[in-house]
There are 2 protein chains.
Amino acid sequence: MTIGEAATITGLPQKTIRYYEEIDLVRPDRGANGYRNFSRSDTHKLAFVARARSLGFSVGECRALLSLYEDDNRASADVRQLAGEHLMQIDVKIAELQAMRRTLADLVERCRGDHRPDCPILDELAAHKAAFHKEPVS
Amino acid sequence: MTIGEAATITGLPQKTIRYYEEIDLVRPDRGANGYRNFSRSDTHKLAFVARARSLGFSVGECRALLSLYEDDNRASADVRQLAGEHLMQIDVKIAELQAMRRTLADLVERCRGDHRPDCPILDELAAHKAAFHKEPVS
DNA sequence: TCTTGACCTTCCAGTTGCTGGAGGGACTAC
DNA sequence: GTAGTCCCTCCAGCAACTGGAAGGTCAAGA
C-alpha cells in the first residue's frame with residue numbers, strides 16, 4: 001500500500017512515516033516507480049510505534065520495544081524493566097509539573113490582574129527586589 | 001563582571017548565558033578585550049529568566065515577562081493572563097502524563113516480568129493481534 | 001493527446017533550548 | 001617565558017518531527 005494509505009491506517013503523518021523509515025524503524029520496499037510499498041507488517045509496526053509514542057516512550061525506547069516484540073525468545077522481564085523505568089520518569093515529570101503548578105496557581109491567584117503594575121508574579125520572578133535598582137554602575 | 005561570575009551568581013551555565021545574549025534576552029556590553037561585561041541589571045535579568053524557566057515558561061514567554069517587568073506602565077492583568085495560560089498548559093500536560101501513567105502502571109503490574117515471552121505490555125502496543133501474521137503478501 | 005489534479009519523491013531548513021567541542025586569544029602568577 | 005585558567009567565536013548535534021520547494025507519476029476527463 002502507498003504511504004498515503006499507511007498514513008490513513010496508522011494515523012501518522014506521511015512525514016513522520018518517512019522519518020521513521022529514515023531512522024530505520026520500518027523498511028518498506030519500493031515499487032518500480034520509486035514509491036514506497038507498505039506491507040501489513042510495516043503498517044503494524046508503525047501502529048505499534050504510534051501507540052508506544054502515545055504512551056510517552058522515546059523513539060529509542062520504541063525501537064527497543066519493537067525489537068523485543070519481534071524477538072520470540074524475549075523475556076517479559078526485559079519489557080517490564082523498560083516500561084518500569086519509563087513509568088518512573090513519568091512520575092518524576094508529573095512531580096515537577098505539579099510543583100510548578102502549585103507555585104504558579106498560588107501566584108496567579110494572588111495577582112489582582114487589573115490595570116495597575118504591581119504583581120506578585122513578577123515579584124516572585126524578580127525575587128531579590130532590593131538588590132535591583134536600574135543599572136547600577138556595573 | 002565576567003561571564004564566569006555571572007554564571008556563578010545566576011546558576012546558569014555560561015553556554016546558556018551566551019545563548020541568551022544571542023537571542024537578545026540580555027545585552028551585556030564588552031570590554032576592550034572583547035570580554036562580556038555583565039552589569040548587576042544583566043545578572044538580575046538572567047536570574048529572572050532562570051526562575052521563569054524553572055516555572056516552565058518558554059523562552060518566548062520569558063521575553064514577554066521580562067518586557068512586562070521592565071515596563072512601568074504594565075497592567076498586572078497582562079502578567080496574570082500570561083501566567084494563567086501557562087498554568088492551563090501545565091494542567092493539560094499533567095493530565096496527559098497521568099493518563100499515560102495509569103495505562104503504564106496497569107500494564108506493568110499485569111506483566112509477570114519473568115523469562116517467558118508473553119507480555120501484556122507488548123500485547124497492548126500490538127493491539128490488533130489477530131490482524132498481524134508475519135508478512136502477509138503485502 | 002493533452003492537461004489537470006492528486007498523488008508520490010528527495011532534499012534542505014527550521015523548530016526549542018540548549019550542549020559539546022575545536023581552535024584560538026587574554027590574563028594572572030610564578 | 002610559560003603554565004593554567006579564563007575568555008572568545010563558530011560549527012555541529014540532540015529529539016522528533018514539520019514545512020516547503022522542486023520535481024516525477026499516475027489516473028481521469030475533454
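To find a chain, count down the sequence lines: A is the first, B the second, and so on, and within it residues start at 1.
The separation between B:Asp24 atom CG and C:dG17 atom C1' is 16 Å, rounded to whole Å. When the C1' atom of D:dC8 is taken as reference, atom CZ of B:Phe38 falls 12 Å away, rounded to whole Å. Atoms CG (B:Asn37) and P (D:dC6) sit 18 Å apart, rounded to a whole Å. When the P atom of D:dA15 is taken as reference, atom CD of A:Gln89 falls 14 Å away, rounded to whole Å. Rounding to whole angstrom units, CD1 of residue A:Ile17 and C1' of C:dT9 are separated by 15 Å. Atom CD in A:Gln14 sits about 12 Å away from atom P in C:dT10, given to the nearest Å. Taking atom NE2 of B:His86 as the reference point, atom C1' of C:dT16 lies 15 Å away to the nearest angstrom. Rounding to whole angstrom units, CD1 of residue B:Ile23 and C1' of C:dG14 are separated by 15 Å.
A distance of 9.0 Å separates CD of B:Glu22 from CG of B:Asp24, quoted to the nearest 0.5 Å.
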Pair up each side-chain donor or acceptor in residues 57-64 of chain A with any protein partner under 3.5 Å, not counting sequence neighbours, and list the distances.
residue, atom, partner, partner atom, Å
A:Ser58, OG, A:Gly60, N, 3.4
A:Ser58, OG, A:Glu61, N, 3.1
A:Ser58, OG, A:Glu61, OE1, 3.4
A:Glu61, OE1, A:Ser58, N, 2.8
A:Arg63, NH1, A:Ile23, O, 2.9
A:Arg63, NH2, A:Ile23, O, 3.1

Please tabulate, for the side chains in residues 12-19 of chain A, all donor-acceptor contacts under 3.5 angstrom to protein atoms that are two or more places apart in sequence or on a different chain.
residue, atom, partner, partner atom, Å
A:Gln14, OE1, A:Arg18, NH2, 3.3

B/S/- contact track for nucleotides 16-26 of chain D, protein heavy atom under 4.0 Å: BBSBB---BBS

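Across all strands shown, B:Arg18 has heavy atoms under 4.0 Å from base atoms, whether or not it also approaches the sugar-phosphate. Among the heavy atoms of the strands lying under 4.0 Å from A:Ile3 are primed sugar atoms or P, OP1, OP2 only; no base atom is included.
Contact of the A:Asp91 side chain with the B:Leu97 side chain is not registered, since no non-hydrogen atoms from C-beta on lie closer than 4.5 Å.
A salt bridge does not link B:Arg36 to B:Asp42: none of the charged nitrogens lies less than 4.0 Å from a carboxylate oxygen.
Criterion: ILVMFWY side-chain heavy atoms under 4.5 Å apart, direct or through other members. Under it, B:Tyr20 and B:Tyr35 are not part of a common hydrophobic cluster.
Formation of a donor-acceptor pair under 3.5 Å by the B:Arg51 side chain with backbone atoms of A:Glu124 is not found in this model.
Taking only side-chain nitrogens and oxygens, B:Arg36 comes nearer than 4.0 Å to OP1 or OP2 of D:dT9.
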